[in-house]
Amino acid sequence: MTSAGQDSANKTNIPQPIRSDGTGGLDKGPRDVMRDLENPDMFVPPVTDAGLVPNLKFSFSDAHMQLNHGGWSREVTVRELPIATTLAGVNMSLTPGGVRELHWHQQAEWSYMLLGRARITAVDQNGRNFIADVGPGDLWYFPPGIPHSIQGLEEGCEFLLVFDDGSFSDLNTLSISDWFAHTPKEVLSANFGIPAEAFDSIPTEQVYIYQDQVPGSLQSQKVQSPYGEIPQSFKHSLLAQPPLKTPGGSVRIVDSSNFPVSKTVAAALVEIEPGGMRELHWHPNNDEWQYYLTGKGRMTVFAGNGAARTFNYRAGDVGYVPFAFGHYIQNTGEESLWFLEMFKSDRFADVSLNQWMALTPHELVQSNLNVGPEVINALRKVKWPVVKYPKLKE
């Protein structure tokens, strides 16, 4: 770029990797300016960032789209985000009447409804069945091996699926159409007690997602099982759950304590208002897998041994925090930042830095950090997952 061209670029506020103290320099080479604008704290890291921390971010926008008549899907697994070994995620949409076919997994399936409504069905190993409609903010959980289906209702739907294995792929699952396609027709005939010709039109490969008619009412589709209905509901209405409100936002926690069937995935739906922050904390039970729903934010992760790194996140991004690494998340936008934090665990657990210090002998904290009464007097014995201090500069 010529000098005149560089001057023109500077006038258009193209970001440069230069801190206010002058460290860094101009980037005159090939670059993706839009990416740099979306990731200001990765492009110009805070001075407190240091050392080597692996990538902890991947956007669903960069994932492969699987397009079918009836809907689409895309996934983030260890293939896309190698550090994310505990959980994998699938973003899926179904048209009105679109069906995620009858199938089952070796992994547990946890889901959060983003938009629209869907009908879910399942049958357990004891022949007890389940059918329910789910809408925005509702969850479902299917244990490993439990066969189930999902179908879009009148307005269609979009949802996030989370599986308790980072290597999981939704395109490599156990589907009824795939099994039929790879079973001799004489075997199907013997199994169901009907002529082999009845199976002449079965699919020749996995259907995965297909278009069907919008189903009738729940009552019209009810199937009575001689063994009754499942004893623990596969559905939970998270948004109907009263939140824990603190200055700066709110948190709704869901795990096996209030959603008993969810034995391997625990989660929190977090709201951070403008100027708020998910406090400095860590999780003592497992890695954290995040999905950002609305807004913009930044997260700094402390990995120990002098290593810390900051990442920027927007709606549709996946974040990840390895086990026990310290971190915080700030709202950097003008609207509330909403995100899900999920764990391969039966219970949600976090350790608050503020609360830990407040419940430790004050003399010990003072001598360890070389701080005075101002810090000690500000400590809270009660945990605030989200914080905000209006008197401070936002």
Side-chain angles (χ1 to χ4, degrees), residues 38 40-41 46 56-57 89 110 112-115 136-139 160 162 236-255 257-259 265-285 287-302 310-321 325-343 345 347-359 378-394:
E38 289 182 355
D41 296 286
L56 303 176
K57 173 186 176 181
W110 185 99
Y112 181 84
M113 282 293 293
L114 300 168
L115 301 165
D138 287 342
L139 312 177
L160 175 73
V162 177
H236 178 78
S237 296
L238 183 57
L239 284 184
Q241 182 179 312
L244 169 63
K245 286 189 169 290
T246 62
S250 66
V251 176
R252 291 173 172 87
I253 294 171
V254 57
D255 58 20
S257 66
N258 56 0
F259 188 21
V265 179
L269 175 62
V270 181
E271 174 200 13
I272 305 177
E273 297 170 354
M277 182 177 80
R278 177 74 169 94
E279 68 162 346
L280 280 78
H281 69 286
W282 68 94
H283 301 278
N285 51 348
D287 298 3
E288 175 179 340
W289 196 97
Q290 304 165 339
Y291 179 70
Y292 287 82
L293 297 162
T294 66
K296 298 188 298 182
R298 64 168 165 250
M299 175 173 70
T300 297
V301 176
F302 167 64
T310 301
F311 299 85
N312 297 101
Y313 297 93
R314 306 163 71 91
D317 287 345
V318 172
Y320 200 79
V321 183
F325 280 17
H327 56 288
Y328 59 89
I329 302 165
Q330 295 171 293
N331 184 339
T332 58
E334 297 180 355
E335 62 175 313
S336 284
L337 172 67
W338 287 84
F339 69 98
L340 288 161
E341 49 184 65
M342 289 154 281
F343 310 85
S345 176
R347 290 298 178 96
F348 176 90
D350 69 347
V351 177
S352 162
L353 175 63
N354 196 319
Q355 186 181 51
W356 172 39
M357 293 170 62
L359 297 173
L379 298 176
R380 296 185 310 274
K381 295 180 181 179
V382 176
K383 184 187 300 183
W384 286 4
V386 185
V387 296
K388 181 179 181 181
Y389 295 96
K391 65 181 179 180
L392 301 180
K393 182 179 180 181
E394 297 181 356

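Note that the structure is a prediction, hence the values are computed from the model and not measured.
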Would you give the length of the straight line joining atom CG of Leu359 to atom NZ of Lys381, rounded to the nearest 0.5 angstrom? 6.5 Å

Please test Ile329 against Phe339 for side chain to side chain contact (heavy atoms under 4.5 Å, CB included), starting from the C-alpha separation and ending with a verdict. CA-CA 10 Å; Ile329 302 165; Phe339 69 98; 3.4 Å; yes

So, Ser237 side chain and Leu239 main chain: donor-acceptor pair closer than 3.5 Å or not? no

Go through the structure and list residues passing salt bridge (charged side-chain N to carboxylate O under 4.0 Å, His left out) with Glu341, not counting sequence neighbours. Arg278

Measuring only between side-chain heavy atoms, which start at C-beta, is Asn354 closer than 4.5 Å to Leu280? no

Step by step, would you call Tyr292 with Gln290 a side-chain hydrogen bond (donor to acceptor under 3.5 Å, both in side chains)? CA-CA 7 Å; Tyr292 287 82; Gln290 304 165 339; 2.9 Å; yes

Locate the shortest heavy-atom distance separating Lys388 from Gly276; write the atom from each residue and the value. CB-CA, 4.2 Å

Can you give me the closest heavy-atom contact between His327 and Trp282, atom names plus distance? CE1-CA, 4.1 Å

Hey, is the main chain of Ser336 close enough, under 3.5 Å, to the side chain of Thr294 for a donor-acceptor pair? yes

Please report the shortest heavy-atom distance between Asn258 and Val254, naming the atom on each side. OD1-CA, 3.4 Å

With side chains defined as the heavy atoms from C-beta onward, is the minimum distance between Phe311 and Tyr320 less than 4.5 Å? no

Contact check, side chains of Met342 and Leu160, non-hydrogen atoms, under 4.5 Å: yes

Value for CG (Asn285) from CG (Asp350), rounded to nearest 0.5 Å, stands at 9.0 Å

How close do Ala315 and Leu293 get, heavy atom to heavy atom, and via which atoms? CB-O, 3.4 Å

Taking C-beta and beyond as the side chain, do Leu269 and Tyr112 meet within less than 4.5 Å on heavy atoms? yes

Side chains of residues 242-252: which donor-acceptor pairs under 3.5 Å do they make with residues two or more places apart or in other chains?
from	atom 1	to	atom 2	distance (Å)
Thr246	OG1	Val386	O	2.6
Ser250	OG	Glu271	OE1	2.8
Arg252	NE	Gln241	O	2.8

Going from CG on Asp41 to OG1 on Thr300, what distance comes out if it is rounded to the nearest 0.5 angstrom? 7.0 Å

Using the side chain to side chain contact (heavy atoms under 4.5 Å, CB included) criterion, which residues pair with Lys296? Sequence neighbours excluded. Arg314, Thr332

Report yes if some heavy atom in the side chain of His281 is under 4.5 Å from a heavy atom in the side chain of Gln355; otherwise report no. no

Contact check, side chains of Pro40 and Asn312, non-hydrogen atoms, under 4.5 Å: yes

Enter the distance from Leu353:CG to Phe302:CZ here, rounded to the nearest 0.5 Å. 10.5 Å

Rounded to the nearest 0.5 Å, how far does CG of Leu379 lie from CE of Met357? 5.0 Å

Please examine the side chains of Leu114 and Tyr291, heavy atoms only from C-beta on, and report whether any two atoms are closer than 4.5 Å. yes

Point-to-point distance, once rounded to the nearest 0.5 Å, from CD of Gln330 to CD of Glu279: 13.0 Å

Are side-chain heavy atoms of Leu56 and Val321 found at a separation under 4.5 Å? no

Mutual orientation of the aromatic rings belonging to Phe348 and Phe343 [parallel < 30°, tilted 30-60°, perpendicular > 60°]: perpendicular

Check step by step if side chain to side chain contact (heavy atoms under 4.5 Å, CB included) holds for Val387 and Arg380. CA-CA 11 Å; Val387 296; Arg380 296 185 310 274; 3.6 Å; yes

